[in-house]
K.L.:
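Below: one structure in C-alpha coordinates.
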Amino acid sequence: MFFKYISTSWGIAILSWRKDKVTRFILPQVKEEQALSLLNHVLSSTKEELVQKNTSPFLDLEWEIQQYFKGKPVVFSTPIELDSLPPFTQWVLEATATTPWGDITTYQEIAKKIGKPTATRAVGRSLGSNPVPLIIPCHRVVGKKSLGGYSLYGLRWKLLLLGLEKANYPSDFNVSVPE
DNA sequence: ACTCGATGTCTTA
DNA sequence: TAAGACATCGAGT
(Lines give C-alpha, C1' and ligand atoms only; values in the text may rest on other atoms or scores of the structure.)
Protein backbone atom coordinates (compact mmCIF):
# COMPACT_ATOMS: atom_id res chain seq x y z
CA MET A 1 0.00 0.00 0.00
CA PHE A 2 1.25 3.49 -0.87
CA PHE A 3 0.74 6.74 0.97
CA LYS A 4 1.43 10.41 0.46
CA TYR A 5 1.41 13.44 2.72
CA ILE A 6 -0.92 16.20 1.63
CA SER A 7 -0.45 19.70 2.99
CA THR A 8 -3.64 21.64 3.61
CA SER A 9 -4.41 24.91 5.32
CA TRP A 10 -5.39 22.88 8.40
CA GLY A 11 -2.26 20.77 8.53
CA ILE A 12 -0.74 17.66 7.04
CA ALA A 13 -3.10 14.92 5.94
CA ILE A 14 -2.40 11.49 4.48
CA LEU A 15 -3.90 9.73 1.50
CA SER A 16 -3.20 6.03 0.99
CA TRP A 17 -4.05 3.78 -1.91
CA ARG A 18 -3.63 0.35 -3.42
CA LYS A 19 -3.46 -0.15 -7.18
CA ASP A 20 -5.62 2.70 -8.45
CA LYS A 21 -8.09 2.89 -5.58
CA VAL A 22 -8.03 5.08 -2.50
CA THR A 23 -7.89 3.02 0.68
CA ARG A 24 -7.50 5.48 3.56
CA PHE A 25 -7.53 9.12 4.48
CA ILE A 26 -6.10 10.70 7.63
CA LEU A 27 -7.38 14.11 8.73
CA PRO A 28 -4.79 16.92 8.87
CA GLN A 29 -2.35 17.01 11.77
CA VAL A 30 0.24 19.56 12.81
CA LYS A 31 3.16 17.24 12.17
CA GLU A 32 3.80 14.47 9.68
CA GLU A 33 4.67 12.05 12.47
CA GLN A 34 1.27 12.55 14.07
CA ALA A 35 -0.53 11.80 10.84
CA LEU A 36 1.67 8.78 10.20
CA SER A 37 1.06 7.38 13.64
CA LEU A 38 -2.68 7.70 13.10
CA LEU A 39 -2.32 5.84 9.83
CA ASN A 40 -0.38 3.09 11.54
CA HIS A 41 -3.00 2.97 14.24
CA VAL A 42 -5.90 2.39 11.85
CA LEU A 43 -3.84 -0.16 9.96
CA SER A 44 -2.63 -1.91 13.09
CA SER A 45 -4.36 -5.18 12.26
CA THR A 46 -2.87 -5.44 8.78
CA LYS A 47 0.62 -6.54 7.90
CA GLU A 48 0.78 -4.90 4.52
CA GLU A 49 3.92 -2.96 3.62
CA LEU A 50 3.59 0.83 3.63
CA VAL A 51 5.53 2.81 1.04
CA GLN A 52 5.75 6.59 0.93
CA LYS A 53 5.44 8.38 -2.41
CA ASN A 54 5.78 11.99 -3.46
CA THR A 55 2.98 11.87 -5.98
CA SER A 56 -0.32 10.05 -6.18
CA PRO A 57 -2.61 9.05 -9.06
CA PHE A 58 -5.30 11.25 -7.50
CA LEU A 59 -4.46 14.83 -8.42
CA ASP A 60 -8.13 15.82 -8.54
CA LEU A 61 -8.82 14.42 -5.11
CA GLU A 62 -5.76 16.13 -3.60
CA TRP A 63 -6.92 19.42 -5.00
CA GLU A 64 -10.47 18.86 -3.76
CA ILE A 65 -9.18 18.13 -0.27
CA GLN A 66 -7.17 21.34 -0.23
CA GLN A 67 -10.18 23.28 -1.46
CA TYR A 68 -12.32 21.71 1.24
CA PHE A 69 -10.12 23.03 4.03
CA LYS A 70 -10.31 26.47 2.48
CA GLY A 71 -14.07 26.27 3.08
CA LYS A 72 -15.10 25.59 -0.51
CA PRO A 73 -18.14 23.34 -1.10
CA VAL A 74 -16.48 20.32 -2.65
CA VAL A 75 -18.02 17.27 -4.25
CA PHE A 76 -15.74 14.27 -3.99
CA SER A 77 -16.05 12.05 -7.02
CA THR A 78 -13.02 9.78 -6.73
CA PRO A 79 -13.88 6.10 -6.32
CA ILE A 80 -13.04 4.58 -2.95
CA GLU A 81 -11.97 1.02 -2.31
CA LEU A 82 -14.77 -0.46 -0.17
CA ASP A 83 -14.67 -4.03 -1.43
CA SER A 84 -12.78 -5.37 1.55
CA LEU A 85 -15.36 -4.04 4.01
CA PRO A 86 -18.33 -6.03 5.31
CA PRO A 87 -21.42 -5.58 3.09
CA PHE A 88 -23.46 -3.77 5.70
CA THR A 89 -20.66 -1.27 6.20
CA GLN A 90 -20.48 -0.73 2.44
CA TRP A 91 -24.20 0.04 2.29
CA VAL A 92 -23.93 2.47 5.16
CA LEU A 93 -20.97 4.29 3.63
CA GLU A 94 -22.55 4.45 0.19
CA ALA A 95 -25.71 5.93 1.66
CA THR A 96 -23.66 8.41 3.68
CA ALA A 97 -21.72 9.51 0.61
CA THR A 98 -24.86 11.03 -0.90
CA THR A 99 -25.23 13.59 1.89
CA PRO A 100 -24.41 16.96 0.31
CA TRP A 101 -21.91 19.52 1.60
CA GLY A 102 -23.37 21.69 4.34
CA ASP A 103 -26.24 19.29 4.99
CA ILE A 104 -26.76 16.80 7.79
CA THR A 105 -28.65 13.56 8.16
CA THR A 106 -29.25 11.15 11.05
CA TYR A 107 -28.27 7.60 11.93
CA GLN A 108 -31.93 6.73 11.65
CA GLU A 109 -32.30 8.14 8.15
CA ILE A 110 -29.29 6.19 6.93
CA ALA A 111 -30.77 3.05 8.46
CA LYS A 112 -34.03 3.63 6.61
CA LYS A 113 -32.25 4.42 3.38
CA ILE A 114 -30.50 1.06 3.31
CA GLY A 115 -33.70 -0.80 4.14
CA LYS A 116 -32.85 -1.66 7.76
CA PRO A 117 -34.92 0.88 9.67
CA THR A 118 -34.24 -0.60 13.08
CA ALA A 119 -30.50 -0.90 12.65
CA THR A 120 -29.69 2.63 13.69
CA ARG A 121 -27.16 1.57 16.24
CA ALA A 122 -25.42 -0.68 13.77
CA VAL A 123 -25.19 2.30 11.43
CA GLY A 124 -23.24 4.25 14.02
CA ARG A 125 -20.98 1.33 14.56
CA SER A 126 -20.22 1.04 10.86
CA LEU A 127 -19.61 4.76 10.45
CA GLY A 128 -16.99 4.44 13.14
CA SER A 129 -14.96 2.29 10.78
CA ASN A 130 -15.13 4.68 7.84
CA PRO A 131 -11.69 4.37 6.20
CA VAL A 132 -11.97 7.77 4.50
CA PRO A 133 -13.40 10.42 6.82
CA LEU A 134 -14.28 13.65 5.02
CA ILE A 135 -14.27 12.01 1.59
CA ILE A 136 -17.17 9.91 2.78
CA PRO A 137 -18.75 12.57 4.99
CA CYS A 138 -19.57 10.58 8.10
CA HIS A 139 -19.32 13.83 10.10
CA ARG A 140 -22.63 14.85 8.50
CA VAL A 141 -24.45 12.01 10.24
CA VAL A 142 -25.74 12.92 13.69
CA GLY A 143 -28.13 11.50 16.24
CA LYS A 144 -31.72 12.56 16.43
CA LYS A 145 -31.20 14.62 19.57
CA SER A 146 -27.45 14.75 19.92
CA LEU A 147 -24.33 15.02 17.88
CA GLY A 148 -23.54 11.33 18.05
CA GLY A 149 -19.86 10.56 17.97
CA TYR A 150 -16.66 10.77 15.96
CA SER A 151 -14.71 7.89 17.33
CA LEU A 152 -11.07 8.20 16.32
CA TYR A 153 -10.76 11.97 16.08
CA GLY A 154 -13.27 13.01 18.70
CA LEU A 155 -16.34 15.20 18.66
CA ARG A 156 -14.26 18.36 18.46
CA TRP A 157 -13.30 17.40 14.93
CA LYS A 158 -16.89 16.70 13.98
CA LEU A 159 -17.86 20.17 15.16
CA LEU A 160 -14.97 21.77 13.32
CA LEU A 161 -15.95 20.13 10.04
CA LEU A 162 -19.64 20.97 10.45
CA GLY A 163 -18.65 24.51 11.37
CA LEU A 164 -16.50 24.82 8.27
CA GLU A 165 -19.50 23.75 6.21
CA LYS A 166 -21.76 26.13 8.16
CA ALA A 167 -24.13 23.23 8.69
CA ASN A 168 -26.94 24.04 11.06
CA TYR A 169 -28.23 21.49 13.47
CA PRO A 170 -31.16 21.91 15.90
CA SER A 171 -30.38 24.38 18.65
CA ASP A 172 -31.44 21.98 21.39
CA PHE A 173 -28.56 19.69 20.50
CA ASN A 174 -26.19 18.91 23.27
CA VAL A 175 -22.93 19.98 21.67
CA SER A 176 -20.70 19.93 24.70
CA VAL A 177 -17.45 18.16 23.98
CA PRO A 178 -15.76 16.10 26.68
CA GLU A 179 -12.30 17.64 27.07
C1' DA B 1 -32.85 13.96 33.74
C1' DC B 2 -31.68 9.29 34.16
C1' DT B 3 -31.89 4.20 33.48
C1' DC B 4 -32.68 0.39 30.82
C1' DG B 5 -33.99 -2.92 27.26
C1' DA B 6 -34.09 -3.99 22.23
C1' DT B 7 -31.61 -3.59 18.49
C1' DG B 8 -27.95 -5.32 14.06
C1' DT B 9 -23.46 -5.91 12.98
C1' DC B 10 -18.61 -6.62 13.62
C1' DT B 11 -14.41 -8.32 16.06
C1' DT B 12 -11.98 -11.38 18.74
C1' DA B 13 -10.94 -15.57 20.89
C1' DT C 1 -19.85 -19.81 17.66
C1' DA C 2 -20.45 -17.01 21.47
C1' DA C 3 -19.60 -12.99 24.00
C1' DG C 4 -18.79 -8.21 24.12
C1' DA C 5 -18.60 -3.68 22.07
C1' DC C 6 -20.90 0.15 19.94
C1' DA C 7 -20.84 7.08 16.94
C1' DT C 8 -28.91 4.86 18.90
C1' DC C 9 -33.58 5.23 20.27
C1' DG C 10 -37.63 5.47 22.93
C1' DA C 11 -40.35 4.38 26.85
C1' DG C 12 -40.69 4.35 31.67
C1' DT C 13 -39.83 6.45 36.09
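In what follows, chains are A, B, ... by sequence order, proteins preceding strands, each numbered from 1.
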K.L.:
Would you say the side-chain atoms of A/Y5 and A/Q52 include a donor-acceptor pair closer than 3.5 Å?
P.N.:
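Absent: no donor and acceptor within the cut-off.
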K.L.:
Phosphate oxygens OP1/OP2 of B/dG8: is one of them under 4.0 Å from a side-chain N or O of A/S126?
P.N.:
no
K.L.:
How many Å lie between NZ on A/K112 and P on C/dC9, as a whole number?
P.N.:
11 Å
K.L.:
Tell me the interatomic distance from A/Y107, atom OH, to C/dC9, atom P, rounded to whole angstroms.
P.N.:
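These atoms are roughly 8 Å apart.
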K.L.:
Nearest whole angstrom, please: distance from the P of C/dC9 to the CG of A/L147.
P.N.:
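Roughly 12 Å, once rounded to whole Å.
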K.L.:
Whether A/E81 and A/K19 form a salt bridge (side-chain N of Lys/Arg under 4.0 Å from carboxylate O of Asp/Glu) is what I want to check.
P.N.:
no
K.L.:
When all nucleic acid strands are considered with a 4.0 Å heavy-atom cut-off, which category describes A/S151: base, sugar-phosphate, or nothing?
P.N.:
base
K.L.:
Contact class for A/T106 (heavy atom, under 4.0 Å): base, sugar-phosphate, or nothing?
P.N.:
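Result for A/T106 = nothing.
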K.L.:
At under 4.0 Å between heavy atoms, what does A/A119 touch on the DNA or RNA strands: base, sugar-phosphate, or nothing?
P.N.:
sugar-phosphate
K.L.:
Atom NZ of A/K116 and atom P of C/dC9: how far apart are they, to the nearest Å?
P.N.:
18 Å
K.L.:
Side chain of A/Q108 only, heavy atoms from C-beta on: which candidate in C/dA7, C/dG10, B/dT9 is closest?
P.N.:
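Output: C/dG10.
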K.L.:
Taking only the side-chain heavy atoms of A/P86 (C-beta and beyond), determine which of B/dG8, C/dA7, B/dC10 contains the nearest atom.
P.N.:
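Side chain of A/P86 sits closest to B/dC10.
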K.L.:
Starting the side chain at C-beta, find the nucleotide from C/dG10, C/dT8, B/dT9 nearest to A/R121.
P.N.:
C/dT8
K.L.:
So which nucleotide does C/dA7 pair with, by the Watson-Crick or G-U wobble rule with both distances under 3.5 Å?
P.N.:
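In the structure as shown, C/dA7 has no Watson-Crick or wobble partner.
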K.L.:
With a non-hydrogen cut-off below 4.0 angstrom, is A/Y150 in contact with a base, only sugar-phosphate, or nothing?
P.N.:
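Touches a base.
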K.L.:
Strictly distance-based, threshold 3.5 Å: is any side-chain N or O of A/E48 a donor or acceptor partner for the main-chain N or O of A/M1?
P.N.:
yes
K.L.:
Taking the side chain from A/S126 and the backbone from A/V123, do they hold a donor-acceptor pair closer than 3.5 Å?
P.N.:
no
K.L.:
Rounded off to whole Å, could you give me the CZ-to-P distance for the A/F88 and B/dT11 pair?
P.N.:
12 Å
K.L.:
Contact class for A/G128 (heavy atom, under 4.0 Å): base, sugar-phosphate, or nothing?
P.N.:
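Base: the residue A/G128, judged by heavy atoms under 4.0 Å, touches a nucleobase.
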K.L.:
Give the ring-plane orientation class for A/W17 versus A/F2, where under 30° counts as parallel, over 60° as perpendicular and anything between as tilted.
P.N.:
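Ring orientation of A/W17 relative to A/F2: tilted.
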K.L.:
For A/K144 and C/dA7, give me the distance from atom NZ to atom P, rounded to whole Å.
P.N.:
21 Å
K.L.:
Quick one: is A/K145 getting a side-chain N or O under 4.0 Å of the C/dT8 phosphate, OP1 or OP2?
P.N.:
no
K.L.:
How long is the line joining CD1 of A/I136 and P of C/dA7, in whole Å?
P.N.:
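After rounding, the reported distance stands at 18 Å.
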K.L.:
Check A/L82, A/I114, A/L85 against A/W91 for a side-chain contact (heavy atoms from CB on, under 4.5 Å) and give me the one that passes.
P.N.:
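It is A/I114; the other options fail the test.
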K.L.:
Looking at B/dT7, which nucleotide sits across from it as a Watson-Crick or G-U wobble partner, both distances under 3.5 angstrom, or is there none?
P.N.:
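The answer is none; no pair meets the criterion.
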K.L.:
Between A/L159 (CG) and C/dA7 (P), how many Å, whole number?
P.N.:
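The distance from CG of A/L159 to P of C/dA7 comes to 16 Å, rounded to the nearest Å.
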K.L.:
Strictly below 4.0 Å: does A/T118 bring a side-chain N or O up to OP1 or OP2 of B/dT7?
P.N.:
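So the side chain of A/T118 is outside the cut-off, no N or O lying under 4.0 Å from OP1 or OP2 of B/dT7.
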K.L.:
Starting at the 5' end of DNA chain B and moving along, which residue's nearest nucleotide shows up first, A/T120 or A/S129?
P.N.:
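Checking each residue's closest nucleotide, the 5'-ward one belongs to A/T120.
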